[in-house]
Every structure is written in C-alpha cells, then in structure tokens.
Amino acid sequence: MGVEQKLGNMGVVTTTLENVVNWSRTNAMWPMLFGLACCAIEMMSAQAAHYDMSRFGMELMRASPRQSDLMIVAGRVSKKMGPVLRRLYDQMPEPKWVIAMGDCASCGGVFNNYAIYQGVDEVVPVDVYVAGCPPRPEALIHGVLTLHEKVKGIKFADMAAESK
Amino acid sequence: MDWTIWLEWFLKGLILCLILLTGFAYLTLYERRALARIQIRVGPNRAGPQGLLQPIADAVKLIFKEELTPGKVYRVVFLLAPVLTVVPSLILAAVIPLGTSFTLFGREITLYVADLNVGVLYLTSIASIAVYGIVLAGWSSNNKYAMLGGIRSSAQMISYELSLGLCFVIAIIMGNSMNLNEIVNAQKDVWFAVIQPAGALVFLIVTLAEVNRAPFDMPEAEQELTAGYHAEYSGMKFALFFMAEYQKMIVISMIAATLFFGGYREFWFMTDWFGGIFSVDRFWFLGPIYLMLKVVVLLFFMIWVRATWPRIRYDRLMAFGWKVLLPLSLILAFITAVGILLTDLLGNPLIIWGVPVLSIICALVAVAFIYRDLRRKSHGRV
Amino acid sequence: MVPVDYYIALSAILFIIGALGVLSRRNPLIIFMSIELMLNAANLAFVAFARAHNTFSGQIFVFFVIAVAAAEVAVGLALIVEIFKAKKNIDIDEMNSLKG
Amino acid sequence: MAQLEEVTIDQYKHLVSERALTGETMLLNMGPQHPSTHGVLRLLLELDGEVVVNCVPDIGFLHTGVEKNMEAKTYQKAEVMTDRLDYMNTMGNNLAYVMAVEKLVDLDVPPRAQALRVILVELQRIASHLVWLGTSGLDLAAMSMFLFCFREREQILDIFELVSGQRMMTTYIRPGGVWRDVPVEFETAVRDFIKIFPKRIDEYEKLLTKNPLFVDRMVDIGYLSKETALSYGVTGPTLRASGVNWDLRKARPYCGYEQYDFEVPVLHEGDTYARYLVRIEELRQSLRIVEQALNKLPMGPVRSDNRKFVPPPRSEIGVSMEALIHHFKLWTEGFQAPKASIYSAIESPRGELGVLLEGDGGPKPMRVHMRTPSFDNLAVLPEIVKGTLVADLVAILASIDIVLGDIDR
Amino acid sequence: MNSDLIVFLVLSLVAIATALGMLFSRNAVYSALFLVLNFVTVAIFYLLLGAPFIAMSQITVYAGAIMVLFLFVIMLLGAENLAPTSDLPWQKPLARLLSVILVVETIYLLFSRARTDLVVTAPDASLNTMESLREMAMELFSSYLLPFEITSILLLVAMVGAIVLSRREKGEK
Amino acid sequence: MEKSLEPIVKNLQDKFGATYEEFRDEVHCFVKPEQIVDALITLRDEHRFELLSAQTAVDYYPQTSPRFHVIYQLTSLAQNLSVQLRVPVNGDNPKVPTAANVYKTAVWRERELLDMFGIEFEGHPDPRRILMPEDADGHPLRKDYPLGYEEPQFTFNFDEIDLRKPYAKE
C-alpha cells in the first residue's frame, strides 16, 4: 500500500496533503496501453491530435501494468480474455482505477451471448462507465474528467480503513 | 584541509544535484511538450500554467503509489538496481565545468565540483559502470522481457563504449589535456565541432546509444519488450529509472557541449563583440547560461530524433556500432592526430583545416556504405 | 605511510582466494572470474612496488595485464558460449574431450 | 507481465521444437496484452536468443460470437453486428453483408447508392490503411507517424459522421441502398479531403519510404512466397505484394467498380517493404476512385423502392398507411429470404471479405459465415517469421495488417 | 596509526570480503557483482597509490567491459545456478590442502623477507597527473614499444579468434 | 452456370459422382466425405483452383442425417471462377478427412470448425480449440447450443438482476 494508509488523521495536514496528492493523481494518471476492440481505436483517436489526452498528462501510456494507474477497458471482454484482464488488474499497484469504455465493457452492448462478459464489472471493479458504441473521444475524455472528480474526493482515512 | 573547502564542495555538490533533479523534472515536461508540438498536439497544459506543474504532479503521484515487489524477484539486487542506475548519472556531472570562477567572501569559487586531471577518463569509467543498474534490473526481475532488455543493454553498451572512448580521444588530442576545464579553454579560438565535425556527429550518435534513447532504446523497446528492463518496477523505483535516463541525457549533453561545442564558452567569434560583453572572461555568470542553452539545443536534437526516426533493429545496432562507428571514429582520431602533428611540425596553421575536410569525406564514405548495404535486389512500382 | 608489505600481503591474500576459486569451483565462469581476481592481485603488487620505487614500469605492466585480460576474456567467453551450445552444459568436468 | 499461467510445454509439444523441451530455447509469451500485437493476440514464441524458432499464435481473446448472434436476429438487424467485426472497415463489412443479403433476396440497388457506397468504402479503405500506417509506424517506434495518420483519419471520420451520425459504427449501407441521402456538405467535405490528401501521402513517404532506418527494418524481412500465400488463403495487399494480381474490385466488379479507372498495385518481392509500398500506392488509387465516383455521382434515389425489403422513407410514413404497415412489418418481423445459400465477397482493405449467407425461408438467417481476411492472413504468420528476430516479428505482424475483431469474430 | 593506514585497512577488509563473497556465492551473478566491487576497491587502491590512469582504466575495462561481458554470458546461458553433475571426491580436500600450502608459503616469505623501510606515501597533491601520464606514455612508447606492439597483435588475434569462434557457418541452424 | 465452369462440374460428376445445385449463378457440388480430399486435389491440380476462400459448415439441426454441411468455397484466380463443394455429414460423430494437406489454410479453418461445430477432421495436425478457451464445453455454433442470452436490466427487473449479477471485488 502507499504511504497514505500509514498516516493517521492529522487534521489540517492530512487535508492539505490529501488535496495535493489527489491533484497530482488526477494530473498524472498514466493509462495502461491496453485496447481490446473497436473502442481501442477511439481511444487511440483520443490520444491523437484532434482530442489530445496528453493535455491531462495522459500520453504516457505504460505498456507494463506495474506502472499504470488507470485501466481503460476499451471493448468487449470475452470469456477467454476475462482471466487475463483480471490478472492485469491485479498486477497494477494501488491506487488504481478502471474505466469501462463503451457499451460492451459496460453492459455487454449488442453482444448479448455466450462469449462475452455482460459488463466488465463482472471481472474487475469499475469506477466510471462511458456509454457509446464506440464512445466518441470526447465522451472518453468526459469519462476521464468524471474520474478526476471522483479521485479528488478520496480521503486518506477511507483508504486506510479499506486496506485493513 | 580547511573546513571551508569541505563546505564549498558540499554546497557545490548539493547545488549540482539540485540542478540535475530539477533539470530532470523539467526535461520530462520539455520532452512531452516538444514531442507534442512536433506531433501537432498540445501536450500537458492542465497542471499549473502551461503545464509547468506537471513534473510535480508526476512526482507526487509516484511517491504516493504503491510499491510492488513481485514475489519471485532476486530481492536485494532488485532493490539495488534503481539506485545503481541513478548514482552514476548523478556523479557523472561532478567533473564538468559549468563556468569560470568568481570571488565570494574573498574566496575564489570555481564552477565545478572536482577539477580532476583525468576528467575524461573519469567520465568513461563512470559511464561504463552505469549499465549495471539496467542489466541487474533486467536480470533480477525474473521476467523474460526484462531479461531480454538487460541482455540487450549490456551488449549495446559494450559495442558503443569503444566509439565513445575514441570520441573522447579526439577531444583529448585536440585539447591536449584530459582535464575538461583545459579542453574547454582550448576551444577559445574555435570549437572542436568545427575542426572535427564528423567526430562531434559520431559522439552525438553514440551518446544516443549510451543513454538508451530512440532510435537506440533497445533495452526498453516498448513495442518489442513491452517495458523492457523496468517492466516489473513500479512507483518510486520506476521513477528512479526514469530519473536516471533523463539525468543521463542532461549530463551527456553537457559532456557533448563541453567536449565539442565550447562548453561554457560563448561562440568563438563573439568574444570581441561590443568590447567583450558576451565573453565569459568578462562576466562569469554567462558561463552557466551558455552551457544551459547548448544543453537545451542538444536535448532538442535528441527529442527530435525520437519523434521522427524508427527504432533500429537490435542486431543492426550492434553491426552499426562495430562495423561503422568504430572504424569511423578510429579513422577520425587518426586524422585528427596527424593533422595536429603536421600543423606543429610544419608550422602552417592552415593545415589544421585539412582535418574537417578529410573527416567529412570519411563520414560521407561511411554513409555511402550504409546506403549500399540497404539496397534491395530490385524494387519498383508495377 | 603504509608499508609496501601490507599491500603485498593484501595482494597475496586476494591471490590465494582466487587460486582457491580456481581449484574448488566447477562453474567455468566462476573459475574465469577467479583468474581475473588473481591477475588483479598481481596488478596491485605491481602498482604498489612502482609507487614505492617511484618508477612507471609497474604501471606499464598493469596496463599490459589489463589489455591481455581483455583479450583473454573475449576468447574465453566465446569458447564457453560455444561449448555450452554444443554440449548444453558448462560443467568444467564435462569439458574433457577435444571434440566439439 | 501478461502471462496468464506458466506455459505448459506439454500442451504445445507438437508445435515447438525439441530444443524447447530441454530448455535450450526460451518460450516467450507475447500478449494478449502487448503493445504491438494490435489488440489481444497471443503469440507463443520459441526464441533462440532473440531469433524466433517457432511462433504459435493463440487467438480467440476477442471471440464475440457474432455469427451465432446474427442467427438470432433478422436480416436487417443482424447488420449492426457486422460493423463490429473488422472495426477498421465498418463500411466495408456493411457492404459485404448487405450485398450478400441483396444477392439472396435478389434486390436491386439504384446507381446513386452504388456510387455512394463506392465513395464511402474507398474512404474507409483509406482510413483503414491510415490506421495501419500509423500503428506500424508506432511498432517501429516512429511515433509521429501515428499522430499524422490519425489527423487525416479524423477527417474521414468526420465525413462518416456527416452522412450517418456515427464516427465508426455507421451501419449506413443498408439492404437496397443506403440509409438516407448524403447531406449537401458531403461533396465539399470529400473534395477538401481529396485536395489535401495527396500532399499528406507525400509527407508520409518523405518520413518513411527512404528513411534508411525504416528501409533497414522493412527490406527483405518476412518473405512470403506466392505459393505459400495462396495455399494459406492470404488475400488483399499482402497477396498482391507477393506478386499475385488479384483484386476483387477488378476481377469481379461490384457496385460499379468497372466504371472507374484505377490500378491495382502489385509487387513481386513479397517482403514487408513491398507490403508497405503496395498499401501506400493503394492510398493513392483509392483516392482516385473516390474522386471519379464523386465526379460521376448520379442523382436519383438512394434506396430501392421494393417495399418488401426496404423500409419506406420517413416522410412517407406520416402520409401513407401502406408505408406505415411496411415499416412496421419490416422492423418487427423482417423480410423473408429464400431457403438457399449464397456466397458473396468484396475486397476489404485486408483482403477478400466474404459472406456466406444461408436462409431457411424465414426472416432470420440460418447461417451467416463471415470469411474474414485477417484470419487467413494471420495463419501464415508462423510460416514467415521463422528465423527472424523479435523486432522483425513486430514489423511483419504490422505489415500483414491484422485486426483481431476480424479474426476472432 | 595514521589516516592512510586506516583507509588502507578498511579498504583491504572490503577487498577481502568481496573476494570471499565472489568465491562463496552460489549464484554466478552475485559472484560477478562481488568481483565488480572488488575491482572498484582495487581501483581505489590504485588512486591511493598515485596511479589515476590505471585506476580509471581498471574501472573502465574490468568493471565496465569485462564484467559486463561476464554478466552478459551468464544471463545468455542462464548459468546462474549450476547444479553440480558429478562430484569428484578428491577435489575439495585437495584444493584446501593446496591453498593451505600456498598460504603458509606466502606467510613464510612475507615474514622472512619483511622490509618495513619501503613505504608507500599518499599521492602528492602537487604532482601533475598530466605530467606523470606523459612520462608514462613516453616510457611506454620507448622502452616498452615491443611489448606494446605484441599486445596489440594479441588483441587483434583475440578479436579474430572470438569472432571465428562465435560465427555461425552458413546454413547452420 | 458459366460456360467455363461446366467441364469442371462435369469432371466432378464423373469422378466422384457429385451432384450439384445452382442458385443465382453459384454452383454447389455435393461430395461424399471420403472423397473430399481427392475432389479438392482434382480441383486444385487439374482445374487450377488455387485458393480455398472459405471453409465453414452449416448446422441443419434438428435434421440429423445429414446434420452438417461442411462447405469448401474455392476460387480460381487464373480463370476467375468460383465453385462450392459441400460435404454432408451426419450428426452422430461427425467426421471428415482433413484438407490440411491440400490447402494450408484449412489447418486453422478446420480447427475453427472443430471448435464451433465439433466436427472432427481426421488426420488434422493440430486438433485443438482455436477461439474458445481450452476448457470450454460444447460447440457454440451448433443450433442446440444456447445463445447464452442474458436478460437486459430495466427498471422493473433491475433489483432482481442486480442480485444475480456477479460483480467483481477488489
């Protein structure tokens, strides 16, 4: 676990530190270089010139899960891929977040059948769902910003309690 | 010894480390912004004004990130490897002169940490042990990709060390000294890059290999080995590798500037302009500024190469090192030595200009060989 | 003010450790390393004497030794790699035939 | 890394050499999460140092059950599944499926719709090749290439959005024509693209084609002979780079391709560089087709008026009871297709995209088989990577331009 | 006890410890690392002995090139832990016996011929290294020219030998 | 039927007693399982059908004999012709000799058919599943295999489905 779990509640100090840490986490959220299907192409578009996620400090896509903070599940997750996805998630260090990008990752989308997990939340816990098939890059960026809002509200005390 | 000397050394060392650390932090931003500009993007601009706080955000985030130590690693070496990578990159800068000297509290304070008489040798030896961190990181991670990265790194380092050493030799011959300060002062009249342009170019290419930058970023080749030697590292341990890479970039640019581009000195033809107000001999504080400008330009060169060139293949990299750069730098060293010797013997200062001409010819021949090697049986559009 | 004998003693100790390595270990790579250690021990003695007698000959010898050691390592490691490829094993006892 | 479990050699005993069993060569698991496998492909590599001795692709990580799912939908509704197969070539997938349906039920398509289909499919081909060019640049670490290519691709996606309201999954081409007529801005948008794109291709070529490092990475790598290619069923640019002049647009023209003047680039070297050159040339040729089709674009309806198969336009529904009934019937029940089987194929950016459609007399297909080109193109990979380096493997994989959605279906 | 002696003793302890570490490590990589440390220590001895050029060459060549090559080969062959195949029963005792003899011999030699008059002083700060380097170079290229040339030929032969050894025949898999 | 296809179909009829159907200019020839390899070799070598464009199967469940048709779609680049071979296979223990030695592409295509329909190909060099996980049960494209349909969540049944749905934990 990170440092913050070891800190108790130290009043103003913790609050300020919380703010700083959460701010840094939102601004340096490195996604994992990981695409599954159609949405991955839109994720690439979001990285490219028109939408440019690098503005948020997100162009450092890490190929190794050990170094990434955010997993964007871009596309449908098949029954064969599920265990792999979970393994990758488990390999990421805390704190980590998951965005289920697109309908397939959120709820199975149009593929309501034997081969596809009906939502990636059956495999890994999801923080933000982005709708669309595939979602436009703007939608993905909106999802990321929503996640930023969520991250900004993290309290160390909660994390410490969670890790116990 | 006087305690003030110790204090001076300590303070200078501390300041140098701080410079390198901030330099590293802002180099990452510089690179990301410059890459973004080349790639018609904007680059990080949300953290602070124009993204100026981006490095701080990265650093704080990494500090507060969980540190994973995978179960099957060789623990001691795994923990040691990032440190072994960072330390050489920090102590490498100790012998580089940042400027002339100034007087403070009645003491003459020189702008370098250590005035080593064998400064150049010190650089080669520290640069040569800098590879251990990467190799050991690759080996200790117990990961096949990391292992391949480590193996590649060691092989690459051995192949390029020799050309690097020979480039140092060129500078030593021209400066007639192994002391970096004297080498800089020897460039008062003309930069060595002008006398030996091919040598400077070879040096720049070799430095790219030395700091594992694209197109020679074999050990971490993302598309081949995912993250290479640091695949299993997370949090601050990973940040240390990051730090080492960028600090090495800065330091090696400083070395390049010092050896071939006049170090902290101004352009040689600027010395007498406006009564010498651009000269470091007149104002000591211009030295670090000039050096910094040169470093920024050289770093941009590295970033530019990364943005445009594909990665070279691993075996071709070795072949390039052994078959092209090594003979070329040997010949260049030879040409330089003969040129200087003839100038001294015949006493005609014009003979020295034979060196740049001959060396450029050699470089062109080398380039021609490369192109000949690339020819295919036949191709054309049908 | 260190008596040169101390250096010689240190050199001797290192040399003996190296010799022990050559005699007792069976991994050819470690035997090789032990040989390097012995060479180093000798080098140390050379430099110490050179310093004591104020001459450069010792340093020049060391220079030669380093150059020769580099050559030796290049050939030796190439041999080990080749033997490994041929025999799938680098135990020193297995290298008892001249055939590949 | 992305190793799910320790690779058990027993399972692959018959696929790797004996040396792997003694531990002399190394088994490396590449993927399913790996930056250069273009999605979720897993390659089990047997390496001797860095030389690939054997390569065993493991696919199915994106297996979606599209064919099964399409059997459960009516002919019209099944079309949305086709978009998501080869997600680089959504228009082309629509076209292939729609053509199969039209052939099965014998439905005619008005000429304007045909021309629009050609324009859009060719634009899609350009977009697909751009993604290929960008990602294969990325695989060789020429990272700027990726961003330059995506810049132009955005322009094409804007055109798609203009006509269909969606950037990627357009489902714009429908049985009997297209969904609706294109808006007036369409022509200027396409003309703008036609105007700037040739310059952009020159830019790409300037960055790569003569770049010594790039040439070094591509030339004489991954040689694929004509015979091997045919035996493995390789099609598309990969086949044409091996010296076989086979392009369905020329050989069996559909959608009026015979009216347009274009060339099929064919090279005989069969290496990655040839595949690169062929695709680059295809960019130019596709642009030619788009330009001609746009110039010739006839006026008229964009949908067949056979109301048994094609829903009436929205304007009619409000005024005509008959139209309302047709509309209702079509969208609830679908149309009936004969109990027969047909196979129709188009030239997708990756090769022959065939659809085997079998009706059972009812409103739902009995069997839809998508003959996807990437599947066969990937099958040839183990054959051509033997003896190359890992870095070459990346280049070769990029050069055969696979899309995992296309393979796993 | 002067400060030089203290430094010497500490460093020699390190040198001996790392040498022993090299000898007793089961893992060849650790052996190599201990040896690198040992080489660095020896390089510091050279610095103390006023031979900075040799010290730097020591680090560059031994630590920077030779040991990296060792690590490369160890990693390439996966030879970190070699399980002993067959044990030669007489090898270990014999090795111990021989080394004991060697130790006794050395101690005897050291004490029988000990001379404490020959001392090594700390390097002179006033001594210009560049000057000493020049002198050394002069000597190298005059008195020792023949050995120098022979060494260079040896290096060349070694290089060719290494290339020939590791070259693959055409068509060989 | 195209003129140039006629002798080819004739040859198949003579050699293998093949019957054929025609629909919208497409020719489907029916061949017995044991003759399919020979038929493919004949087509490839005598009539220059270089490309096995597609190989797939259709399940006519609940009809059981024949339950499956294994389909070989062949293309001749030289003559610009297509012909389809169909091999009817019975539902119990479906077996067809492998075409992997005639067309290499059949290696993967037959693995797919094994995976999706459970049709065994005798003499196949690598009979493993290809798309589904190794430990999967059943053959999805068979008609008796359920689609695996999962009920969509609406407001009226949200809670009920929410209870059943397996959510992942940290």
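Within every chain, numbering begins at 1; the chains are lettered A, B, ... in the order of the sequence lines, protein sequences first and strands thereafter.
In this structure, B:Arg37 has no side chain to side chain donor-acceptor pair (under 3.5 Å) partners at least two apart in sequence or on a different chain.
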Practice item. Check the pair B:Phe64, A:Val20 against side chain to side chain contact (heavy atoms under 4.5 Å, CB included), reporting the backbone distance first and the verdict last. Key: CA-CA 11 Å; B:Phe64 281 87; A:Val20 172; over 6 Å; no

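Residue A:Met53: no heavy atom, backbone or side chain, is found under 4.5 Å from chain B. For B:Phe241, no part lies near chain A; criterion is any non-hydrogen pair under 4.5 Å.
For the pair A:Asn27 (side chain) and B:Ala57 (backbone), a donor-acceptor distance under 3.5 Å is absent. The backbone N or O of A:Pro95 sits nowhere less than 3.5 Å from a side-chain atom of B:Glu66 that would complete a donor-acceptor pair.
To the nearest 0.5 angstrom, B:Arg46 atom CZ is 12.0 Å from A:Met58 atom CE. The distance from atom CZ of A:Arg25 to atom NZ of B:Lys65, rounded to the nearest 0.5 Å, is 7.5 Å. Expressed to the nearest 0.5 Å, how far CD of A:Gln67 lies from CD of B:Glu232 amounts to 9.5 Å. Taking CG of A:Asp69 as the start and CG of B:Leu62 as the end, the distance is 7.5 Å to the nearest 0.5 Å.
Geometrically, B:Lys61 engages A:Trp30 in a cation-pi contact defined by less than 6.0 Å to the ring centre and at most 45° from the axis.
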Can you list, pair by pair, the side-chain donor-acceptor contacts under 3.5 Å of residues 130-145 of chain A, counting residues two or more places apart and other chains?
{"from": "A:Arg136", "atom 1": "NE", "to": "A:Glu138", "atom 2": "OE1", "distance (Å)": "3.1"}
{"from": "A:Arg136", "atom 1": "NH1", "to": "D:Glu161", "atom 2": "OE1", "distance (Å)": "3.0"}
{"from": "A:Arg136", "atom 1": "NH1", "to": "D:Glu161", "atom 2": "OE2", "distance (Å)": "2.3"}
{"from": "A:Arg136", "atom 1": "NH2", "to": "A:Glu138", "atom 2": "OE2", "distance (Å)": "3.4"}

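No side-chain heavy atom of B:Pro44 sits less than 4.5 Å from a side-chain heavy atom of A:Arg55.
Residue B:Met236 places its CE atom among more than 12 non-hydrogen atoms of other residues, nucleotides or ligands, all under 6.0 Å distant.
When every heavy atom of B:Ser234 is checked against every heavy atom of A:Pro93, the shortest pair comes out as CB-CG, 4.0 Å. When every heavy atom of B:Val60 is checked against every heavy atom of A:Ser24, the shortest pair comes out as CG1-OG, 3.3 Å. The two residues A:Ala28 and B:Asp58 have their closest heavy-atom pair at CB-OD1, 2.8 Å. In terms of heavy-atom proximity, A:Met92 sits nearest to B:Leu68 at C-CD1, 4.1 Å.
Among the candidates A:Ala48, A:Ser54, A:Gly57, A:Ser68, the residue making the largest number of heavy-atom pairs closer than 4.5 Å to chain B is A:Ser54.
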